[in-house]
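If you're wondering where the values come from, they're calculated on a predicted model, not measured in any experiment.
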Amino acid sequence: MLDPQTTTDKPQGAAASLLNGLTVLEAFSVAKRSLLGVTEISELVGLHKSTVSRMLSGLDEAGYVQRDEETGRYRLGLGMIGLAGPLLAELSVRRAALPHLEELTQATGETAAIAVWNGSNAIVVEQTASTHQVKHSAAIGTRYNKFASSSVRVFLAELPSEETDRLLADRTILREGYLGLEDPAHEELVGVRDDGFAVNDGETTYEEYGVSAPVRDYRGEVVGCITASAPRSRVQHLHSQSILREAVLEAAARVSTRLGGLPRGTDPGR
């Protein structure tokens with residue numbers, strides 16, 4: 001039986017209902033059975049049967065559980081997959097990308113990272129740091145919300161134009177400091193999508209150079225973004241722009257392949 005909440009400062013109202021609903025869902029993992037009845041769940045979680053029945057009705061409507069017509073019992077619904085999907089995608093992308101990030105850093109000597117999109121930011125979920133004393137790096141969990149960021153533009157290029165407009169209009173995505181500010185955002189993003197990569201040449205900070213390319217899964221959808229970052233002065237001195245670009249494109253293609261994505265240059269079904 002799950003431990004009922006025994007503190008005197010129990011959540012009330014909507015918070016209590018939310019916690020009760022989550023407790024009911026947890027019963028399915030505790031029981032190790034796919035089908036559970038109201039009485040069984042009530043005994044497992046320590047909630048009254050009427051409360052459990054009410055929670056299950058709401059969860060059924062939302063698609064998080066499904067009522068079996070023959071037995072009247074409940075099983076977890078497909079809505080749970082949708083709820084956990086972003087987390088599962090993040091974990092699989094990160095795991096698939098790590099060896100290729102290491103190869104990218106070894107080949108270029110620069111920092112390699114992979115980011116995922118949370119709807120408003122590009123978030124770094126893994127990186128391998130450059131071995132140079134002077135380098136560009138970002139801690140795991142770093143969020144980017146500037147249009148000038150190459151990773152942000154890679155993700156924006158995949159969104160419907162109205163969604164991009166909304167993110168720019170409410171300043172969720174900031175466009176200040178971007179050298180292409182005079183150009184329409186949509187034209188810039190069409191270029192990113194057609195080219196298959198985006199470049200940040202000193203546009204977020206004068207010292208940084210970055211190039212990003214999308215990672216696609218088996219559906220052809222962008223689920224991540226590979227970025228190589230370096231001090232701009234070193235890139236200019238070594239004239240390594242094309243080397244970094246090709247290395248990032250190759251790394252992104254290899255990670256995409258591991259995720260069942262289409263090879264580089266193949267139409268992803270857009």
Side-chain angles (χ1 to χ4, degrees), residues 90-118 120-157 173-181 188 191-192 195-216 222-259 264:
E90 176 181 320
L91 294 175
S92 62
V93 168
R94 180 178 180 180
R95 185 166 55 248
L98 182 55
H100 300 290
L101 296 180
E102 293 171 344
E103 292 173 358
L104 179 56
T105 293
Q106 185 176 11
T108 64
E110 304 297 354
T111 296
I114 184 163
V116 297
W117 183 251
N118 73 345
S120 58
N121 302 108
I123 305 174
V124 176
V125 295
E126 189 60 88
Q127 79 155 5
T128 56
S130 167
T131 56
H132 289 291
Q133 183 175 4
V134 178
K135 58 191 170 188
H136 174 81
S137 63
I140 293 175
T142 298
R143 297 172 180 243
Y144 294 103
N145 70 336
K146 292 184 178 180
F147 190 86
S149 169
S150 58
S151 59
V152 169
R153 274 179 281 141
V154 163
F155 288 118
L156 290 179
I173 299 298
L174 303 177
R175 207 169 180 215
E176 293 88 342
Y178 179 58
L179 297 181
L181 186 59
E188 167 67 19
V192 169
D195 293 339
F197 66 91
V199 174
N200 168 20
D201 189 1
E203 292 156 344
T204 50
T205 63
Y206 179 77
E207 298 86 359
E208 180 187 356
Y209 184 91
V211 57
S212 300
V215 170
R216 297 183 184 274
V222 172
V223 293
C225 172
I226 298 286
T227 301
S229 302
R232 190 163 174 246
S233 57
R234 183 158 62 235
V235 173
Q236 292 175 334
H237 176 71
L238 297 175
H239 303 289
S240 57
Q241 293 91 337
S242 61
I243 294 174
L244 289 173
R245 181 181 67 247
E246 291 305 312
V248 167
L249 286 168
E250 182 64 26
R254 289 182 177 180
V255 178
S256 296
T257 299
R258 289 194 65 181
L259 295 173
R264 178 181 171 187

[Y] side chain reached by [X] side chain, heavy atoms, under 4.5 Å:
{"X": "Asn118", "Y": "Arg143", "result": "yes"}
{"X": "Gln241", "Y": "Val235", "result": "yes"}
{"X": "Ser229", "Y": "Lys135", "result": "no"}
{"X": "Arg95", "Y": "Glu126", "result": "no"}

Looking at every non-hydrogen atom in both residues, tell me the closest pair between [X] and [Y] and how far apart they are.
{"X": "Ala228", "Y": "Leu104", "value": "CB-CD2, 4.4 Å"}
{"X": "Ser149", "Y": "Tyr144", "value": "OG-CB, 4.0 Å"}
{"X": "Ser92", "Y": "Leu259", "value": "O-CD2, 4.1 Å"}
{"X": "Trp117", "Y": "Asn121", "value": "CE3-O, 3.1 Å"}
{"X": "Ala113", "Y": "Gln127", "value": "CB-CB, 3.8 Å"}
{"X": "Ile173", "Y": "Phe147", "value": "CG2-N, 3.8 Å"}

Return yes if some donor-acceptor pair links the side-chain N/O of [X] with the main-chain N/O of [Y] below 3.5 Å, else return no.
{"X": "Ser130", "Y": "Gly109", "value": "yes"}
{"X": "Arg94", "Y": "Val125", "value": "yes"}
{"X": "Arg258", "Y": "Ala96", "value": "yes"}
{"X": "Thr108", "Y": "Leu244", "value": "no"}
{"X": "Thr105", "Y": "Glu102", "value": "no"}

Spacing of Glu203 atom CD and Lys146 atom NZ [to the nearest 0.5 Å] | 11.5 Å

Could you state the interatomic distance from CD (Glu103) to CZ (Arg254), rounded to the nearest 0.5 Å?
-> 5.5 Å

For Thr128 and Gln106, what are the C-alpha separation, side-chain angles and deciding distance, and is it a side chain to side chain contact (heavy atoms under 4.5 Å, CB included)?
-> CA-CA 9 Å; Thr128 56; Gln106 185 176 11; over 6 Å; no

For a quick test of your reading: what N or O donor-acceptor pairs under 3.5 Å do the side chains of residues 206-215 make, sequence neighbours left out?
unit_1: Glu208; atom_1: OE1; unit_2: Thr204; atom_2: OG1; d: 3.0
unit_1: Glu208; atom_1: OE2; unit_2: His136; atom_2: NE2; d: 3.3
unit_1: Ser212; atom_1: OG; unit_2: Ser150; atom_2: OG; d: 2.6
unit_1: Ser212; atom_1: OG; unit_2: Ser151; atom_2: N; d: 3.3
unit_1: Ser212; atom_1: OG; unit_2: Thr227; atom_2: OG1; d: 2.6

Under the side chain to side chain contact (heavy atoms under 4.5 Å, CB included) test, which residues partner Gln236, sequence neighbours left out?
-> Arg232

State plainly whether the residues Arg175 and Glu188 are in salt-bridge range, i.e. N to O under 4.0 Å.
-> no

ring-ring contact (aromatic ring centres under 6.0 Å, His included) partners of Phe197, counting only residues at least two apart = none

